[in-house]
Protein chains: 2
Amino acid sequence: MQSRARAGRPRDAAIDRAVLDAVSQVLDTGGYQALVIEDVARRAGVSKPAVYRRWAGRRDLALAELRRRLEAVQPPDTRCTLCDLHESLSLFSQAFTRVGATTLAHLLADSAHDPDFRDELIGTLVSPQREAVSRTLVKARARGDLRSDLDLALTVDALSSLVFYRQLFGPDPLDDAEIGRAVAAILSGIATDYDALVRESLEHEGDHVVPDHAHPG
Amino acid sequence: MQSRARAGRPRDAAIDRAVLDAVSQVLDTGGYQALVIEDVARRAGVSKPAVYRRWAGRRDLALAELRRRLEAVQPPDTRCTLCDLHESLSLFSQAFTRVGATTLAHLLADSAHDPDFRDELIGTLVSPQREAVSRTLVKARARGDLRSDLDLALTVDALSSLVFYRQLFGPDPLDDAEIGRAVAAILSGIATDYDALVRESLEHEGDHVVPDHAHPG
DNA sequence: TACGCTCCGATACGGTACGTTCCGTTATCT
DNA sequence: AGATAACGGAACGTACCGTATCGGAGCGTA
């Protein structure tokens, strides 16, 4: 008694592929807006109920296709922190070029009032890429290349957000040269004399929050 | 001969206000998804054509309301770079809390295949906030607080993107303490010895792009 | 072999929201 | 006075949603 095998006629796996291929084609030509179930079904040579039998709607359908496009990201590990970070971010950016900023925005919008789908979306598209960056940072810190008081989560956010921002708000995604400059900037800092700035800020009785990890050096 | 005054019955300015008030109410309760023209018209005590006579559709309607909410941002200027940057980013984040991440995502998605609307959207919601941050950075650099070889545009991107990212991808928007840590990190850098990292990366014959503004110090 | 289950394509359906058009009426400008 | 355009109300055609129904086909179990 195979509990896995449901009774009755099994689903045709070829239909799954044909539909996702059609979705891919539509996304690349007309974008998410053009993703109309009936149209997808027609292109795939498949009936509409056959699609709904497999996916709940446009959102699920699009996410399923995007999941196909994002293979697991292999974070580099060359013991060269600059190289690894650069490579991580480059892969990150390339991944979202494949996904398409438009589609990402639509899925994000559609997930607004559906926490479950939002978790699935972020868990599929965002988290793996972030994780790759995070692992790179962890290794670099373990080597002693990064400050020990580093706020890891916030640094991952800072690097990841730059990739997303440029994809979503353009005009262009980050190119390699910009990634290099960004990595350099966040590693070396942009202040001429950070400690002096901290001292000066303390003289202001301002109500701003004093950074809780002032430069140790 | 007033060329400005069109012949015929003039538009009732009270309708403009009533409609935008209704839009505001709907956006705050049900979000962009709940923004249905017929519903807005009913709430405003107005006919549907009266709405379409003024705005092209949901997108324009929502953007018009959001424009009402974002007054001009006054970048602080206290000659304290840490304080000013902190304040700039805090105002930035607050502005988008008023707009609502959901609505922003929807508008961004809807603007995908309409470059004109996209320009209007970014010009209204994004550019002014960025500009405030940019002015703060420019003043700090002029004071000599920031490195002279600073890539201004990229730095603005880095700081702005963090605000957007946390608003859009959450789970929570940036809080004040995180803003402080982020400012500290980007000003002071996260590397223990950046110059050493650059030297090491040069030993790799890797094909990665060598940062074109290595640390001058 | 017979039966039951589930998938298959085809088609029809009700529902929602869009954006437009027509109407008779009302307000303002020339 | 007359032209013009906004007003509310209502209906319209379109698009797409997601679901239901149908006869038929494929596969499991009795």
Side-chain angles (χ1 to χ4, degrees), chain A residues 1-20 22-23 26-27 29-64 103 106-107 109-114 117, chain B residues 1-20 22-23 26-27 29-64 103 106-107 109-114 117:
Chain A
M1 172 183 172
Q2 292 265 4
S3 67
R4 273 282 169 256
R6 282 182 298 183
R9 178 176 177 175
R11 287 190 182 160
D12 186 349
I15 290 184
D16 292 66
R17 272 178 273 117
V19 170
L20 289 186
V23 169
V26 171
L27 285 182
T29 56
Y32 189 83
Q33 285 181 318
L35 193 67
V36 175
I37 306 285
E38 200 154 353
D39 177 51
V40 166
R42 189 162 20 80
R43 286 171 189 262
V46 155
S47 72
K48 198 163 60 156
V51 177
Y52 279 104
R53 214 170 279 128
R54 293 166 168 79
W55 296 280
R58 302 208 303 172
R59 300 181 321 183
D60 279 11
L61 199 45
L63 184 56
T103 304
H106 271 101
L107 289 177
D110 280 3
S111 75
H113 290 291
D114 186 341
F117 182 78
Chain B
M1 172 186 167
Q2 292 266 5
S3 66
R4 272 283 168 254
R6 283 182 296 183
R9 179 176 178 174
R11 286 189 183 163
D12 187 349
I15 290 183
D16 292 66
R17 273 178 273 118
V19 170
L20 289 185
V23 168
V26 171
L27 284 181
T29 56
Y32 188 83
Q33 285 180 317
L35 192 68
V36 175
I37 305 286
E38 200 153 354
D39 177 53
V40 166
R42 189 161 21 80
R43 286 171 189 262
V46 154
S47 72
K48 200 163 59 155
V51 176
Y52 279 105
R53 214 169 279 129
R54 292 168 168 78
W55 297 279
R58 301 209 303 172
R59 301 182 320 184
D60 279 11
L61 199 45
L63 184 56
T103 303
H106 272 100
L107 289 178
D110 281 3
S111 75
H113 290 292
D114 186 341
F117 182 79

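Quick note on labels: first sequence line is chain A, next is B, and so on, each numbered from 1.
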*Asks:* Hey, could you give me the CG/CG distance between B:Leu27 and B:Leu20, rounded to the nearest 0.5 Å?
*Replies:*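 Answer for the CG-CG pair, B:Leu27 versus B:Leu20, is 10.0 Å.
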
*Asks:* Please identify each residue that fulfils salt bridge (charged side-chain N to carboxylate O under 4.0 Å, His left out) with A:Arg58, with sequence neighbours left out.
*Replies:*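 If we apply the salt bridge (charged side-chain N to carboxylate O under 4.0 Å, His left out) test to A:Arg58, skipping adjacent residues, there are no hits.
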
*Asks:* Is there a donor-acceptor pair closer than 3.5 Å between any side-chain N or O of B:Arg11 and the backbone N or O of B:Arg53?
*Replies:*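 Pair found, side chain donor or acceptor close to backbone of B:Arg53.
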
*Asks:* Could you go through residues 44-52 of chain A and list every donor-acceptor pair under 3.5 Å that involves a side-chain atom there, pairing it with any protein atom two or more places apart or in another chain?
*Replies:*
from, atom 1, to, atom 2, distance (Å)
A:Ser47, OG, A:Ala50, N, 3.4

*Asks:* Extract from the structure each pairing of a protein N or O with an N or O of nucleotides 15-17 of chain C at less than 3.5 Å, listing the distance.
*Replies:*
none

*Asks:* Check B:Leu35 against B:Ala62 and note the closest heavy-atom contact, atom names and distance.
*Replies:*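 The answer is CD2-CB, 4.0 Å.
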
*Asks:* Report the distance from atom CD1 of A:Ile15 to atom C1' of C:dT6, rounded to the nearest whole Å.
*Replies:*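 Value for this atom pair: 13 Å.
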
*Asks:* Work out which heavy atom in B:Ala112 is nearest to a heavy atom in A:His106; give both atom names and the distance.
*Replies:*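 Here B:Ala112 and A:His106 meet closest at CB-CE1, 4.4 Å.
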
*Asks:* Going by side-chain hydrogen bond (donor to acceptor under 3.5 Å, both in side chains), name the residues that satisfy it together with B:Arg54, two or more places apart in sequence or in a different chain.
*Replies:*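 Partners of B:Arg54 under the side-chain hydrogen bond (donor to acceptor under 3.5 Å, both in side chains) test: B:Asp16.
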
*Asks:* Rounded to whole angstrom units, what separation is found between the OH atom of A:Tyr32 and the P atom of D:dC16?
*Replies:*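 The answer, rounded to whole Å, is 14 Å.
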
*Asks:* For A:Arg42, check side chain to side chain contact (heavy atoms under 4.5 Å, CB included) against everything at least two apart and list the hits.
*Replies:*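 With neighbours one apart ignored, the set is A:Asp39.
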
*Asks:* When the distance from CZ of A:Arg59 to C1' of D:dC16 is rounded to whole Å, what number comes out?
*Replies:*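 To the nearest whole Å, that distance equals 16 Å.
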
*Asks:* Strictly below 4.0 Å, heavy-atom distances to any atom of DNA chain D: list the hits from residues 44-55 of chain A, or just say none.
*Replies:*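 Residues of residues 44-55 of chain A that come under 4.0 Å of DNA chain D are, in numerical order, A:Lys48, A:Pro49, A:Tyr52.
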
*Asks:* How sharply is the helix from C:dT1-D:dA30 to C:dT30-D:dA1 bent, taking the axes over five pairs at either end and rounding to 10 degrees?
*Replies:*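 Rounded value for the end-axis angle: 10°.
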
*Asks:* Could you work out, with side chain to side chain contact (heavy atoms under 4.5 Å, CB included) as the rule, every residue matching B:Asp60, not counting sequence neighbours?
*Replies:*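 Scan of B:Asp60 (side chain to side chain contact (heavy atoms under 4.5 Å, CB included), adjacent residues dropped) gives B:Trp55, B:Ala56, B:Phe117.
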
*Asks:* Could you pull out all residues at least two apart from A:Ala34 that satisfy side chain to side chain contact (heavy atoms under 4.5 Å, CB included)?
*Replies:*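 Here the qualifying residues are A:Val26.
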
*Asks:* Can you check nucleotides 25-27 of chain D for protein contacts, nitrogen or oxygen pairs under 3.5 Å, and list what you find?
*Replies:*
from, atom 1, to, atom 2, distance (Å)
D:dA25, N3, A:Arg9, NH1, 3.2
D:dG26, N2, A:Arg9, N, 2.7

*Asks:* Closest heavy-atom contact between B:Asp110 and B:Arg59?
*Replies:*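 Heavy atoms of B:Asp110 and B:Arg59 come nearest at O-NH1, 3.3 Å.
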
*Asks:* Any side-chain heavy-atom pair from A:Val19 and A:Arg43 closer than 4.5 angstrom?
*Replies:*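 When only atoms from C-beta onward are counted, A:Arg43 and A:Val19 do not touch, as no gap falls below 4.5 Å.
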
